[in-house]
Amino acid sequence: MLTIEIEHVNIDALEKLEEEGLEIIPKPAVLRTIKNKILQKQYYDNHQIPTSPHVIVGNRTDIAEHEYMLPAVFKTAEGGYDGKGVQLIKNREAINDVHSAPGILEKMVDIKKEIAQLVAVDRAGNTALYPPVEMMFDQVLNLLDFQLCPADIDEKTLWRVEAIARSVAKNFKSPGLFAVEMFLYNQGQVLVNETAPRVHNSGHHTIEAHACSQFDMLIRILAGYPLGDPHLLHASLMVNIIGAEGFSGPVKYEGLDKVLSMENAFVHLYGKAETRPGRKMGHVTLLAHQQKNLVKQAHEVRKTLLPKA
Ligand code: ADP
């Protein structure tokens with residue numbers, strides 16, 4: 001059998017392997033839907049899953065015809081990854097700077113919180129839900145900065161988030177692990193932003209902080225074992241370790257010993273040889289059992305552990 005760790009793969013090849021009888025989790029049809037942002041939006045619409053108001057556009061001229069949508073966000077259908085395929089269009093003039101390609105023009109949503117939830121689905125359609133996590137973003141680099149688990153949301157919002165995330169995952173009608181990214185806006189309303197059909201950065205903390213990690217869960221799904229226990233052992237805060245400003249080249253880590261000596265900190269470096277400003281080099285998971293003020297500690301970790309050239 002086969003699984004994937006990134007959805008930007010040759011789907012024709014996967015479909016051929018599937019035809020030849022190889023089991024692929026998640027199903028290639030799901031990858032085809034998710035890989036293309038237009039198809040992904042249509043999937044949400046077809047299953048009555050709430051998402052930001054949007055129109056499908058073929059090129060830049062089409063965007064100009066939908067000026068009433070501004071301020072808006074344009075997302076190219078294919079080829080975007082980690083912010084590169086997403087462009088903010090504040091006004092009419094800004095349309096000229098947009099890459100002319102098929103995509104989705106989405107109304108700019110006044111986001112109160114960005115939430116993600118991991119949902120595991122086995123072959124029989126049983127589900128296991130990890131508690132939702134809350135993202136805190138670096139406004140300048142547009143990179144995920146800290147990630148809090150569980151998300152700080154009220155019970156009713158939690159129910160809504162869970163129902164929507166489960167519905168997104170189940171309607172794919174495929175076993176797999178799905179990370180559903182959502183926006184919270186006015187009065188706890190929930191919009192689905194996008195879904196990743198794989199182990200995901202929003203599940204890094206599950207390695208130390210949950211009974212069954214996302215990797216353990218995926219292996220269980222693949223092997224046909226019962227789903228694992230997603231429940232939280234400790235609240236956690238995940239800190240991204242990103243390349244320091246002004247340094248590019250072979251990486252050296254500053255402050256590593258200090259962070260390693262913190263009892264509740266778990267360091268993961270990705271083994272990248274070169275650092276660049278803003279490049280994701282690793283992450284540190286902080287567990288709440290030894291420390292109540294995790295946000296303060298997270299800032300300390302970010303300031304201490306610097307990948308420099
Ligand atoms: P990518 O696939 O590159 O990660 P996303 O669709 O997740 O792109 O968008 C990246 C970020 O842009 C989101 O995390 C969010 O902060 C912002 N964003 C995306 N869509 C909207 C929207 N409709 N309104 C406001 N902000 C948005």
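Counting convention: from 1, in listed order, for ligands and their atoms alike.
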> Mind checking whether Met135 contacts ligand 1 via backbone (N, CA, C, O), side chain (CB onward), both or neither, at a 4.0 Å heavy-atom cut-off?
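No part of Met135 comes within reach of ligand 1.
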
> Answer side chain, backbone, both or neither: which part of Val109 comes under 4.0 Å from ligand 1, heavy atoms only.
both

> With heavy atoms of Ser52 as the reference, note each atom of ligand 1 found under 4.0 Å away.
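In order of number, 23 (N).
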
> Are Leu232 and Pro150 packed together at the side-chain level, in the sense that at least one heavy-atom pair is separated by less than 4.5 angstrom?
yes

> Are Val98 and Leu70 connected in a single hydrophobic cluster, I mean Ile/Leu/Val/Met/Phe/Trp/Tyr linked by side-chain heavy atoms less than 4.5 Å apart?
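They do share one cluster, since a chain of ILVMFWY contacts under 4.5 Å joins Leu70 to Val98.
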
> What atoms of ligand 1 come closer than 4.0 angstrom to any heavy atom of Asn193?
5 (P), 6 (O), 7 (O)

> Using a strict cut-off of 4.0 Å, indicate which atoms of ligand 1 neighbour a heavy atom of Val73.
21 (C), 22 (C), 24 (N)

> Are the side chains of Met1 and Ile25 in contact, using a 4.5 Å heavy-atom criterion?
yes

> Would you indicate whether the side-chain heavy atoms of Asp145 and Asn240 approach each other to under 4.5 Å?
no

> State, with a plain yes or no, whether a side-chain heavy atom of Val161 is found less than 4.5 Å away from one of Leu184.
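The answer is yes, as the side chains (C-beta and beyond) meet within the 4.5 Å cut-off.
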
> Check the angle between the aromatic planes of Tyr270 and His283 and answer parallel, tilted or perpendicular using the 30° and 60° thresholds.
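Tyr270 vs His283 ring planes: tilted.
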
> Number the atoms of ligand 1 from 1 as they appear, then name those within less than 4.0 Å of a heavy atom of Val86, with their elements.
3 (O), 8 (O), 9 (O)

> Against heavy atoms of Glu114, which atoms of ligand 1 measure under 4.0 Å?
13 (C), 14 (O), 15 (C), 16 (O)

> Under a 4.0 Å heavy-atom limit, does Lys37 contact ligand 1 with its side chain, its backbone, both, or neither?
side chain

> Do the non-hydrogen side-chain atoms of Glu78 and Lys37 ever get within less than 4.5 Å of each other?
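Glu78 does not reach Lys37 side chain to side chain.
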
> Looking only at distances, please establish whether an N/O atom of ligand 1 is found under 3.5 Å from an N/O atom of Met108.
no

> Lys107: heavy atom below 4.0 Å from ligand 1, yes or no?
yes

> Judged on heavy-atom distance to atom 6 (O) of ligand 1, which of Lys75, Glu181, Glu106 sits nearest?
Lys75

> State yes or no: are the ring centers of His66 and Tyr68 separated by less than 6.0 Å?
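Yes; Tyr68 has its ring centre under 6.0 Å from that of His66.
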
